[in-house]
Number of protein chains: 2
Amino acid sequence: MSLSLLEQLIESLRVLPGVGQKSAQRMAYHLLEREREGGQRLADVLAEAMQRIGHCSLCRDFSEQSLCAICASASRDRQQLCVVESPADRLAIEHATGYRGLYYVLQGRLSPLDGIGPRELGLDRLAERLSQGEVEELIIATNATVEGEATAHYLGQLARQHRVRPSRLTQGMPLGGELEYVDRGTLSYAFGSRSEMPE
Amino acid sequence: MSLSLLEQLIESLRVLPGVGQKSAQRMAYHLLEREREGGQRLADVLAEAMQRIGHCSLCRDFSEQSLCAICASASRDRQQLCVVESPADRLAIEHATGYRGLYYVLQGRLSPLDGIGPRELGLDRLAERLSQGEVEELIIATNATVEGEATAHYLGQLARQHRVRPSRLTQGMPLGGELEYVDRGTLSYAFGSRSEMPE
Ligand SMILES: [Zn+2]
Ligand SMILES: [Zn+2]
């Protein structure tokens, strides 16, 4: 027996993180009962987003253009480059701090056992960028997890190879903490009081 | 400044119940990073569902056809009619019990202060159906809330006016409980041990 459209809708909603059968049901009924227009708009935007959002060619963040709004902006300071693991971390820093430099989004972290090495994170392209001499400070904002620290260590060495000063968010960042989940005040403080990484 | 497609996606996801800014962000990133196909499928099914799912002309449940699968089925017992407040309640009973009769979905409950009277719940059409003589038992499965009980009382009288026997789920149903949230075993027991409503 083929699934009804309602059953298909419930099934499809389960692609969302943290949404099980029961939540998916509630979402489907809510949209059908009270939010037909909002549901239609979500369908339209979602289809367009899945098709058109790619990655910024410069910073690897999500972008529907070949250059994201931040990389394309004339008013950002191109001498500071902040490296984060994920687009969510980039967003958290942008919201919590007054940072006006550029970003580099790894879309992951070094994890040799999972086959994720420097190349998978685009570090060859990052090295090329550092070698061009425009960047003076590499702000390393990977998570305070084991893998995040290993990645930070690697990035610190990479920076020094290209005579770029590496700095790291340290003060107040909880050990093992993921940047995205740290509260705004703590993140802002840690970002502002970053210090040069030891060799 | 106009919103980027990603910002529009996050905004649109907030139409879902229980989804705030932070969850919407996480959902958007999850789809973009790991579930492009699932996201595209959700967009397609959602658009179709918002357009095509209406109400069954007989029972008022959601349906993409003019008659839902249950009302259209030749194998259901047309002498029993179970009245529920919502499609979710209908689904809960269908999953928890072996009930083989038909349903009537109020899509609400009597609530005079909110302007919801018998007509808004389609009770004129229900009365007409009861007057046709096919239905022998009206199983009243509205919630055990104040409004649900008032609705049940009204339905009981309506049934008797048309010489239909009204019964009510009672045993084991928690006071103030909403049917949709009662566990399967309790619901199954309450449904099986329903008793005729007092006059
Ligand atoms: Zn960019
Ligand atoms: Zn029906």
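FYI, side chains are in, hydrogens and waters are out, and symmetry mates aren't considered; it's all heavy atoms of this structure. Chain naming here is simple, since letters A, B, ... match the order of the sequence lines and numbering starts at 1 in each.
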Student: Using heavy-atom distances under 4.5 Å, tell me whether B:Q107 contacts chain A through its side chain, its backbone, both, or neither.
Tutor: side chain
Student: Quick check on the hydrophobic clustering: are A:I116 and A:V83 connected, directly or via other members, by side-chain heavy-atom contacts under 4.5 Å?
Tutor: yes
Student: Other residues, nucleotides and ligands only: do more than 12 of their heavy atoms fall within 6.0 Å of CZ on B:R78?
Tutor: yes
Student: Is it the case that over 12 heavy atoms from other parts of the model lie below 6.0 angstrom from the OH atom of B:Y99?
Tutor: yes
Student: Decide whether A:L91 and A:F191 are clustered together by the hydrophobic rule: side chain heavy atoms of Ile, Leu, Val, Met, Phe, Trp, Tyr closer than 4.5 Å, transitively.
Tutor: no
Student: Considering only heavy atoms from C-beta outward, does the side chain of A:R41 approach that of B:M50 to under 4.5 Å?
Tutor: no
Student: CZ of A:F62 to CG of B:L6: how many Å apart, nearest 0.5 Å?
Tutor: 8.0 Å
Student: Heavy-atom distances under 4.5 Å only: say whether B:E37 touches chain A with side chain, backbone, both or neither.
Tutor: neither
Student: Taking all non-hydrogen atoms of both residues, which atom of B:V45 and which atom of A:L5 are closest, and how far apart?
Tutor: CG1-O, 4.3 Å
Student: Taking all heavy atoms of A:L32 and all of B:A49, pick out the closest pair and write down the distance.
Tutor: CD2-O, 4.0 Å
Student: For chain B, which of A:C68, A:G38, A:S86, A:P17 has the most heavy-atom pairs under 4.5 Å?
Tutor: A:P17
Student: Give a yes or no on this: more than 12 heavy atoms of other residues, nucleotides or ligands lie within 6.0 Å of atom NE2 of B:H153.
Tutor: no
Student: Among B:E180, B:E33, B:R34, which has the most heavy-atom pairs under 4.5 Å with chain A?
Tutor: B:E33
Student: Group every Ile, Leu, Val, Met, Phe, Trp and Tyr by side-chain heavy-atom contacts under 4.5 Å, then state whether B:L9 and A:V105 land in the same group.
Tutor: no
Student: Are A:L16 and B:L16 side-chain neighbours, meaning at least one heavy-atom pair lies under 4.5 Å?
Tutor: yes
Student: For B:L31 and A:L46, work out which heavy atoms get closest and say how close.
Tutor: CD1-CD1, 3.7 Å
Student: For residues B:A47 and A:A43, report the shortest heavy-atom separation together with the two atoms involved.
Tutor: N-CB, 3.6 Å
Student: If you group Ile, Leu, Val, Met, Phe, Trp and Tyr by side-chain heavy-atom gaps below 4.5 Å, do B:L106 and B:I53 land in one group?
Tutor: no
Student: What is the minimum heavy-atom distance between B:P87 and A:Y29, and which atoms define it?
Tutor: CB-CE2, 3.3 Å
Student: Which atoms of A:E11 are under 4.5 Å from chain B, going by heavy atoms: the side chain, the backbone, both sets, or neither?
Tutor: neither
Student: Under 4.5 Å between any side-chain heavy atoms of B:M27 and A:V19, yes or no?
Tutor: yes
Student: Which answer fits A:E35, side chain, backbone, both or neither, if we ask what part of it has an atom under 4.5 Å from a heavy atom of chain B?
Tutor: both
Student: Might you confirm whether atom CZ of B:R100 has over 12 heavy atoms from other residues, nucleotides or ligands at distances under 6.0 Å?
Tutor: yes
Student: Determine, using the 4.5 Å side-chain heavy-atom cutoff (strictly less than), whether A:Y103 and A:Y154 are members of one ILVMFWY cluster.
Tutor: yes
Student: Considering only heavy atoms and a distance below 4.5 Å, find which of B:Q25, B:K22, B:R26 pairs most often with chain A.
Tutor: B:R26
Student: Look at A:Q65, A:Q40, A:R52 and state which one has the largest set of heavy-atom pairs under 4.5 Å with chain B.
Tutor: A:Q40
